[in-house]
Asks: 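Mind looking over this structure? Questions follow.
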Amino acid sequence: MKTIQAIRGMRDILPEQTGWWRRMERQLYAALAQFGYQEIRTPILEPTELFKRSIGEETDIVEKEMYTFEDRDGSKLTLRPEGTAAVVRSYIENSQWQKEPLSRWYYMGPMFRHERPQKGRYRQFYQVGVELLGAEAPAADVELIDVMLQCMGAIGLQGFTLELNSLGCMSCRPSYREKLQIFLKKNQEKLCDNCRRRMDTNPLRVLDCKVNTCRQVGEEAPKILDHLCQDCGTHFQTVREGIEALSIAYHINHRMVRGLDYYTRTTFELLADGLGAQNAVAAGGRYDGLVSALGGSQMPAVGFAAGLDRILLKLLETLQKPETPESIFVVTRGPGAWPAGLAVMQNLRNKGLVVRSDVRQGSIKAQMKRADKDGARFVLVLGEDEVAEGAVTVKDMKAAPDSADKQKKIARDALTSYLLEKLSVANGVGK
RNA sequence: GUGGGUGUAGCUCAAUUGGUCGAGCGCUGGAUUGUGGUUCCAGAGGUUGUGGGUUCAAGCCCCAUCAUCCACCCCA
């Protein structure tokens, strides 16, 4: 029979891996809580229209990377390709700005894009995204960048660079766009085919083309930072001051623009060393126009998203395996041993201990091997003798062979306190 | 979407110019009665990703397809 395999670009995260994921998620929750951010969970499926309006019709994501299909009534649905659109939709739908002027939200979960899979790039991938809605002040931008770096620090990621730019606003970007377009037109014979096309539809994107000749043109092109209006200029300047006050190293990349249409003013990107072409680990910026573009009132906001698959990939290069708590393994053999063992295990678990056994039973030797493989600290043996005496043999797997506590027969009613004392010493809890 | 590399045991990899596909690790069992790790012994596990083709003969050559990796594209 033909076996069924996972869809291309989508993969299982097996139990041997989920420990890493859970630790990373826990650390992120903790870091975000420190800044007062709260989690929001939105549906994975949204009306296609939401992404067309927020990300932009002309973007690659919307044009060719979305998983879109028809619902039974013919309406178009899309598996979310990113998180901000849904968050903003929810923000508006729930009249959030009327409940409180400022919302600090984050989300974590799978996103879907139909791209060619590669290392660190999957069709179902995981992001954590952080949004600060309702503040126009540069302090908001600075806080988000601070949060981003704190998050990376919390999960133990190091070796990256922060890049910063400003895209201006609705009042200064159009005139810059025009100047850029004129410049590009003059130099169009040096541009690649792709850029010659983009020159008209989205001239800013020419700046981050990787083709060498385009890069040269980009270097000589008028810089947006020189064409910001006064408000955008002072905003950006204040953001820089804040980042410097936090002693965060960064550099200006005037060629960093965004693939999503909704960004305004500050944009930033965190690049990790040693991930090849997939080195953008987190990125974000300000999107003052998005809430109103989706039908809400004019509401400024900043946000960023981080790619967890890539981060974990990088983390695995350096980090040690997460520690597991010391555990107990119960071995039973002979008449009456199994039910007695069940009662013992139930009792110990009620005390909060990690207790396992080999449900296949088998020889004592086989069960001991299992206990060792599972990394158990203590093995409790209940054989015929122990059952008859109402006792349990406790073996300390880590103790030296000649140690007095290596193996001891303990009365069943003294067992719990014996183990609790042993384990609290082992785990460094207690006095 | 474009170009290229790679698919052999659960994992990492061998296999001469096309001539019986092996090893290490892992897994299971055993080394005298109820005790793990180390050691020793044994065993299981493969239509060589899949489907065609060439040939007396294909893991190896050809075509297709799927998966994966790298680069481009794009992005987190």
Side-chain angles (χ1 to χ4, degrees), chain A residues 2-11 14 16 55 59-66 81-84 108 110-123 125-130 148 151-152 160 192-195 198 202 205 208-211 256-260 268-272 275-285 303-314 329 331-334 337 358 360 362-387 393-401 406-407 409:
Chain A
K2 222 203 236 160
T3 57
I4 297 170
Q5 46 190 226
I7 294 167
R8 181 181 169 114
M10 308 198 178
R11 79 245 193 255
L14 296 172
E16 60 207 47
I55 300 170
T59 58
D60 283 15
I61 293 178
V62 170
E63 275 176 0
K64 49 195 184 194
E65 291 177 358
M66 296 204 302
E82 59 101 44
T84 302
M108 207 182 291
M111 308 292 162
F112 303 84
R113 286 182 205 173
H114 193 108
E115 300 176 288
R116 186 82 170 254
Q118 230 178 93
K119 196 191 198 84
R121 187 172 76 178
Y122 306 96
R123 289 183 175 179
F125 59 102
Y126 297 83
Q127 282 190 335
V128 60
V130 183
M148 180 172 77
C151 282
M152 297 305 120
F160 41 69
C192 66
D193 294 347
N194 209 346
C195 285
R198 279 195 292 216
N202 197 346
R205 288 206 65 75
D208 72 349
C209 181
K210 280 166 190 137
V211 177
M256 180 181 66
V257 298
R258 293 269 81 129
L260 287 63
F268 50 90
E269 205 163 290
L270 201 62
L271 307 174
L275 275 182
Q278 313 306 319
N279 64 343
V281 129
F304 76 87
L308 298 179
D309 310 83
R310 286 177 195 180
I311 289 172
L312 194 59
L313 216 53
K314 181 131 173 62
F329 197 98
V331 169
T332 58
R333 186 71 174 169
D358 189 341
R360 297 169 304 179
S363 67
I364 288 194
K365 189 193 189 79
Q367 292 183 61
M368 288 298 294
K369 280 190 176 182
R370 190 74 252 153
D372 184 57
K373 290 257 162 59
D374 286 352
R377 171 67 194 276
F378 292 100
V379 173
L380 312 186
V381 181
L382 279 111
E384 282 180 63
D385 297 354
E386 286 86 353
V387 171
T393 297
V394 179
K395 180 166 187 173
D396 185 342
M397 301 293 270
K398 278 194 194 141
K406 181 68 186 172
Q407 187 162 325
K409 206 177 268 186

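Reminder, nothing fancy here: chain letters follow the sequence lines and each chain counts from 1.
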Asks: Categorize A:Lys406 for me: base, sugar-phosphate, or nothing, with a 4.0 angstrom heavy-atom threshold over every strand shown.
Replies: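 Answer is base: heavy atoms of A:Lys406 come under 4.0 Å of a base.
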Asks: Please confirm whether the shortest side-chain N or O distance from A:Gln118 to OP1 or OP2 of B:U68 is below 4.0 Å.
Replies: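 For B:U68, neither OP1 nor OP2 has a side-chain N or O of A:Gln118 closer than 4.0 Å.
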Asks: Verify side chain to side chain contact (heavy atoms under 4.5 Å, CB included) between A:Leu308 and A:Met108, making sure each step is shown before the conclusion.
Replies: CA-CA 9 Å; A:Leu308 298 179; A:Met108 207 182 291; 3.9 Å; yes
Asks: Would you indicate what A:Gly9 reaches in the nucleic acid, counting non-hydrogen atoms under 4.0 angstrom: base, sugar-phosphate, or nothing?
Replies: sugar-phosphate
Asks: Does A:Arg123 place a side-chain N or O at less than 4.0 Å from the phosphate oxygens OP1/OP2 of B:A67?
Replies: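 No, no such contact exists.
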Asks: Nearest nucleotide by nearest heavy atom, which residue falls closer to the 5' end of RNA chain B, A:Asp309 or A:Arg333?
Replies: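 That would be A:Arg333.
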Asks: With both distances kept under 3.5 Å, what pairs with B:C72, Watson-Crick or G-U wobble?
Replies: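 Here B:C72 is engaged in a pair, and the nucleotide opposite it is B:G1.
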Asks: Looking only at N and O atoms, is any donor in the side chain of A:Arg121 or the base of B:C74 less than 3.5 Å from an acceptor on the other one?
Replies: yes
Asks: Test for a donor-acceptor pair under 3.5 Å between the base of B:U35 and the side chain of A:Gln407, counting only N and O atoms.
Replies: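 Between B:U35 and A:Gln407, which were checked side chain against base, a qualifying N/O pair under 3.5 Å is present.
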Asks: Please determine if a side-chain N or O atom of A:Lys365 lies less than 4.0 Å away from the OP1 or OP2 oxygen of B:G36.
Replies: yes
Asks: Would you indicate which nucleotide in B:C73, B:G29, B:G36 comes nearest to any side-chain atom of A:Ala366?
Replies: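 Between B:C73, B:G29, B:G36, the one nearest the side chain of A:Ala366 would be B:G29.
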Asks: Kindly point out which of B:A76, B:G34, B:U2 is positioned nearest to the side chain of A:Arg116?
Replies: B:U2
Asks: So A:Ala306, base contact, sugar-phosphate only, or nothing? Heavy-atom distance under 4.0 Å.
Replies: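 Nothing, no nucleic acid heavy atom in range.
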Asks: Side chains of A:Ile311 and A:Met152: closer than 4.5 Å at any heavy-atom pair?
Replies: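 Yes, close enough: below the 4.5 Å cut-off.
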Asks: The side chain of A:Gln127 lies closest to which of these nucleotides: B:A67, B:A76, B:G34?
Replies: B:A76
Asks: On RNA chain B, does the nearest nucleotide to A:Lys64 precede the nearest nucleotide to A:Gly307 from the 5' side, or the other way round? Give the residue.
Replies: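 With A:Lys64 and A:Gly307 compared, the 5'-side residue is A:Lys64.
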Asks: For B:A23, which nucleotide is its Watson-Crick or G-U wobble mate, given both distances must be under 3.5 Å?
Replies: B:U12
Asks: Return the pairing partner of B:C61 with a 3.5 Å limit on both distances, Watson-Crick or G-U wobble; otherwise return none.
Replies: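 Because both required distances fall under 3.5 Å, B:C61 counts as paired with B:G53.
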Asks: Rounding to the closest angstrom, what is the interatomic distance between B:A76 and B:C13 at atom P?
Replies: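 Approximately 33 Å lies between the P atom of B:A76 and that of B:C13.
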Asks: Just to confirm, is there a sub-4.0 Å distance from OP1 or OP2 of B:C27 to any side-chain nitrogen or oxygen of A:Lys373?
Replies: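 A:Lys373 to B:C27 OP1/OP2: side-chain N or O found under 4.0 Å.
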Asks: Would you indicate which nucleotide in B:U35, B:A76, B:C73 comes nearest to any side-chain atom of A:Lys395?
Replies: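 Nearest nucleotide to the side chain: B:U35.
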Asks: Could you check whether the side chain of A:Arg8 and the base of B:U68 have a donor-acceptor pair of N or O atoms closer than 3.5 Å, going by distance alone?
Replies: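 Answer is no: no donor-acceptor pair is held.
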Asks: Return yes if some donor-acceptor pair links the side-chain N/O of A:Arg333 with the main-chain N/O of A:Gly383 below 3.5 Å, else return no.
Replies: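 Side chain of A:Arg333 to backbone of A:Gly383: no pair is present.
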Asks: Evaluate the criterion side chain to side chain contact (heavy atoms under 4.5 Å, CB included) for residue pair A:Met148 and A:Leu270; output intermediate values, then yes/no.
Replies: CA-CA 9 Å; A:Met148 180 172 77; A:Leu270 201 62; 4.1 Å; yes
Asks: Classify the side chain of A:Glu386 versus the base of B:G34 as yes if they form a donor-acceptor pair under 3.5 Å and no if they do not.
Replies: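 In this structure, the two groups form a donor-acceptor pair.
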Asks: On a whole-Å scale, what distance lies between the P atoms belonging to B:U20 and B:G37?
Replies: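 Result for the P pair: 39 Å, nearest Å.
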Asks: What is the nucleic acid contact for A:Arg370, judged by heavy atoms within less than 4.0 Å: base, sugar-phosphate only, or nothing?
Replies: sugar-phosphate
Asks: Of the options B:A71, B:G34, B:A76, whose atoms approach the side-chain atoms of A:Glu384 most closely?
Replies: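 The answer is B:G34, which lies nearest to the side chain.
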Asks: Shortest non-hydrogen contact from A:Ala280 to A:Leu271?
Replies: CA-CD2, 3.9 Å
Asks: Measure CG/A:Asp372 against C1'/B:C27 and give the value in whole Å, please.
Replies: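 Interatomic distance, CG of A:Asp372 to C1' of B:C27: 15 Å.
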Asks: Contact class for A:Phe125 (heavy atom, under 4.0 Å): base, sugar-phosphate, or nothing?
Replies: base
Asks: Less than 3.5 Å between a donor and an acceptor, one on the side chain of A:Lys369 and one on the base of B:G37, is that the case here?
Replies: no
Asks: Hunt down the Watson-Crick or G-U wobble partner of B:U6, both distances under 3.5 Å, from any strand shown, or write none.
Replies: B:A67
Asks: Tell me the partner of B:G46, counting only Watson-Crick (N1-N3 plus N6-O4 or O6-N4) or G-U wobble (N1-O2 and O6-N3) with both under 3.5 Å; none if nothing fits.
Replies: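 Answer to the pairing question: none, since B:G46 forms no Watson-Crick or G-U pair.
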Asks: Would you find more than 12 non-hydrogen atoms of other residues, nucleotides or ligands less than 6.0 Å from A:Lys409 atom NZ?
Replies: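 Buried by this count: over 12 neighbours within 6.0 Å.
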Asks: Is A:Arg121 reaching over with its side chain to a backbone N or O of A:Arg116, donor-acceptor style, under 3.5 angstrom?
Replies: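 Yes: the side chain of A:Arg121 pairs with the backbone of A:Arg116.
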